[in-house]
There are 2 protein chains.
Amino acid sequence: MSAGKQKTKAEILDIVIPLFARSGYAGVSMRQIARAVGIKAASLYHHFPDKQTLYVQALAQAFSRRTALLHDALALSADPEEQFRRLVHSLCRLVHDDTDFSRLIQREIMDGDEKRLQLLADNVFGSFFQEMTILCRALAPDRDPHLLAISILGLIIYHFQITPIRSFLPGFQESHNDPEAVANHVISLLKNG
Amino acid sequence: MSAGKQKTKAEILDIVIPLFARSGYAGVSMRQIARAVGIKAASLYHHFPDKQTLYVQALAQAFSRRTALLHDALALSADPEEQFRRLVHSLCRLVHDDTDFSRLIQREIMDGDEKRLQLLADNVFGSFFQEMTILCRALAPDRDPHLLAISILGLIIYHFQITPIRSFLPGFQESHNDPEAVANHVISLLKNG
DNA sequence: GTCTATAAAGGGATAGAC
DNA sequence: GTCTATCCCTTTATAGAC
């Protein structure tokens with residue numbers, strides 16, 4: 001109620017999200033979390049019964065905050081090609097700007113058990129991916145829409161996944177990390193082969 | 001010299017590689033490693049001064065074992081298009097069959113510091129990626145070869161990165177996890193747009 | 001809601017016998 | 001080259017005062 005500095009669950013989770021995104025579940029201790037939040041470790045157990053629950057709730061909050069953005073990226077348009085163009089640009093900007101989100105998803109896909117993967121599929125990808133396959137069907141009726149949708153995502157996401165190592169690879173230029181440049185490359189590549 | 005059951009460094013590293021690949025550096029303890037190897041934790045320190053060194057040497061061994069395969073995938077051919085076709089098929093098979101390798105690289109790109117990334121770039125990607133950009137220049141002289149090479153890699157690798165969650169996504173079929181099917185899809189996509 | 005204190009377990013690492 | 005035993009620190013988690 002008051003404007004004091006005591007932490008709410010949501011505030012704590014917002015602080016925790018970047019920690020787990022950067023170091024993974026096993027790489028972050030309750031003490032580190034407590035220090036980042038500004039309370040003692042024992043106090044965390046007032047808000048969450050254990051570390052696992054804290055982690056899963058952080059995931060849930062991180063994902064729910066961003067799912068809306070994914071849907072905005074699919075803004076409808078009369079022309080499928082125009083919709084596709086906008087989608088690629090939006091996704092590039094999203095993935096480039098929000099590294100925490102991207103890394104959380106990457107880690108979940110790697111480390112999540114069946115239950116958590118199901119959650120991720122339902123909450124984050126679910127309807128977004130479904131709409132993407134619909135768009136794919138409109139763009140290329142002869143192709144498998146599932147494969148094409150994954151291809152588009154991979155084409156975009158991988159360019160930013162490898163950002164940390166990109167500067168060590170031959171032919172690197174600063175512009176290769178620019179979301180607009182990558183978007184234009186991806187669009188032209190998918191259109192003209 | 002003898003054929004006893006005492007472990008050599010290389011044998012230990014081969015056992016350790018899948019552990020780090022599956023759970024990451026922080027997710028594996030020296031005791032777990034020892035149990036998998038079949039000795040006590042203290043004995044590990046006869047072979048390696050500390051956990052970090054053990055990890056880095058496991059990486060080095062995993063990468064050196066596989067780098068040759070990457071170069072084989074680039075088997076020269078008179079026709080760049082034919083070379084490209086073979087490269088995609090080889091990479092799909094490699095990434096599909098050797099999940100440990102793929103995951104180690106993924107984790108290193110996420111978590112590696114500058115020094116380790118430099119090592120990864122030099123030892124694994126270095127000349128392979130260079131040759132890929134040369135092939136890209138031959139295939140599409142008008143495109144940025146660095147961007148195109150990354151695109152090809154991303155297109156392939158992402159399809160297998162998301163394997164764990166794929167079955168939860170709309171439109172999934174068993175064939176989507178088949179390396180040949182993915183290879184053909186990628187080739188056709190890059191050729192015809 | 002946060003604190004101090006502490007339990008119980010597991011972590012990395014070393015010493016010294018065999 | 002492997003073992004037992006052990007040190008010391010960190011980890012997760014709980015109890016109870018404020």
Side-chain angles (χ1 to χ4, degrees), chain A residues 1-61 104 107-108 111-113 115-116, chain B residues 1-62 104 107-108 110-113 115-116:
Chain A
M1 270 323 187
S2 76
K5 44 187 169 181
Q6 290 190 333
K7 308 294 176 183
T8 70
K9 267 171 81 154
E11 284 171 335
I12 293 175
L13 294 177
D14 273 334
I15 296 171
V16 163
I17 289 165
L19 298 185
F20 280 130
R22 289 196 245 282
S23 307
Y25 179 80
V28 181
S29 73
M30 294 297 272
R31 280 175 160 78
Q32 286 177 288
I33 292 171
R35 201 179 318 131
V37 172
I39 60 178
K40 296 293 171 185
S43 306
L44 286 172
Y45 290 88
H46 172 77
H47 300 278
F48 311 94
D50 52 34
K51 186 185 174 185
Q52 278 235 16
T53 307
L54 167 54
Y55 175 69
V56 172
Q57 292 195 17
L59 281 185
Q61 175 154 314
L104 276 183
R107 291 196 190 278
E108 272 302 283
D111 301 332
D113 56 23
K115 216 181 71 188
R116 293 219 311 255
Chain B
M1 268 324 187
S2 78
K5 44 188 170 180
Q6 290 190 336
K7 308 294 176 183
T8 69
K9 266 173 82 156
E11 284 171 337
I12 293 175
L13 293 177
D14 273 336
I15 295 171
V16 163
I17 288 165
L19 298 184
F20 281 129
R22 289 196 245 282
S23 307
Y25 179 79
V28 182
S29 73
M30 293 297 274
R31 285 172 162 81
Q32 286 177 287
I33 292 171
R35 201 180 317 132
V37 172
I39 59 179
K40 295 294 170 183
S43 306
L44 286 173
Y45 290 89
H46 173 77
H47 302 277
F48 312 93
D50 53 34
K51 186 184 175 186
Q52 277 237 13
T53 307
L54 167 53
Y55 175 68
V56 172
Q57 292 195 16
L59 281 186
Q61 175 152 315
L104 276 183
R107 290 196 191 278
E108 273 301 284
M110 271 217 262
D111 301 332
D113 55 24
K115 215 180 71 188
R116 294 219 312 255

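Letters go in sequence order (proteins before strands), and every chain restarts at 1. Given the structure is predicted, the values throughout are model-derived calculations rather than measurements.
Candidate nucleotides D/dC3, C/dG11, C/dG1 were compared by shortest atom distance to the side chain of A/H47, and C/dG1 ranks first. When each of C/dA15, D/dA15, C/dG11 is scored by its nearest atom to the side-chain atoms of B/A42, the top-ranked nucleotide is C/dA15. Listed nucleotides C/dA5, D/dT2, C/dG12 differ in distance to B/K7; the shortest reach to its side chain belongs to D/dT2. With D/dG1, C/dT14, C/dG1 as the candidates, the nucleotide lying closest to the side chain of A/H46 is C/dG1. Side-chain atoms of A/I39 lie closest to C/dT2 of the nucleotides D/dG1, C/dT2, C/dA15.
Atom CD of A/Q52 is separated from atom C1' of D/dT11 by 15 Å (rounded to the nearest Å). The separation between B/L19 atom CG and C/dG11 atom C1' is 16 Å, rounded to whole Å. If you measure from atom CE of B/M30 to atom C1' of C/dG10, you get 14 Å, rounded to the nearest angstrom. Rounded to an integer number of Å, the gap from B/I33 CD1 to C/dG11 P is 11 Å. Counting to the nearest Å, the C1' atom of D/dT2 and the CZ atom of B/F48 are 14 Å from each other. Taking atom CG of A/L44 as the reference point, atom C1' of C/dT2 lies 11 Å away to the nearest angstrom.
Counting only distance, with no hydrogens or angles, the side chain of B/Q32 and the backbone of B/S29 share a donor-acceptor pair below 3.5 Å. In this structure, A/Q61 contributes its side chain and A/A10 its backbone to a donor-acceptor pair below 3.5 Å. Side-chain N or O atoms of A/R107 include one that pairs as donor or acceptor with a backbone N or O of A/R22 at under 3.5 Å.
Among the atoms of the strands shown, none is found under 4.0 Å from any heavy atom of A/V37.
Using a cut-off of 4.0 Å between Lys/Arg side-chain N and Asp/Glu carboxylate O, B/K9 and B/D14 are scored as not salt-bridged.
Note on B/K40: every side-chain N or O is 4.0 Å or more away from OP1 and OP2 of D/dC3. Between A/Y45 and D/dA13 there is a side-chain polar atom (N or O) within less than 4.0 angstrom of OP1 or OP2.
A cation-pi geometry, defined here as NZ or CZ lying under 6.0 Å from the six-membered ring centre and within 45° of its normal, holds between B/K51 and B/Y25.
Residues B/R116 and B/Y55 form a side-chain contact, since some pair of their non-hydrogen atoms from C-beta on lies under 4.5 Å apart.
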Between protein and nucleic acid, restricted to nucleotides 7-10 of chain D and to nitrogen or oxygen atoms under 3.5 Å apart, what atom pairs and distances do you find?
none

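Under the side chain to side chain donor-acceptor pair (under 3.5 Å) criterion, B/K40 pairs with no residue at all, not counting sequence neighbours.
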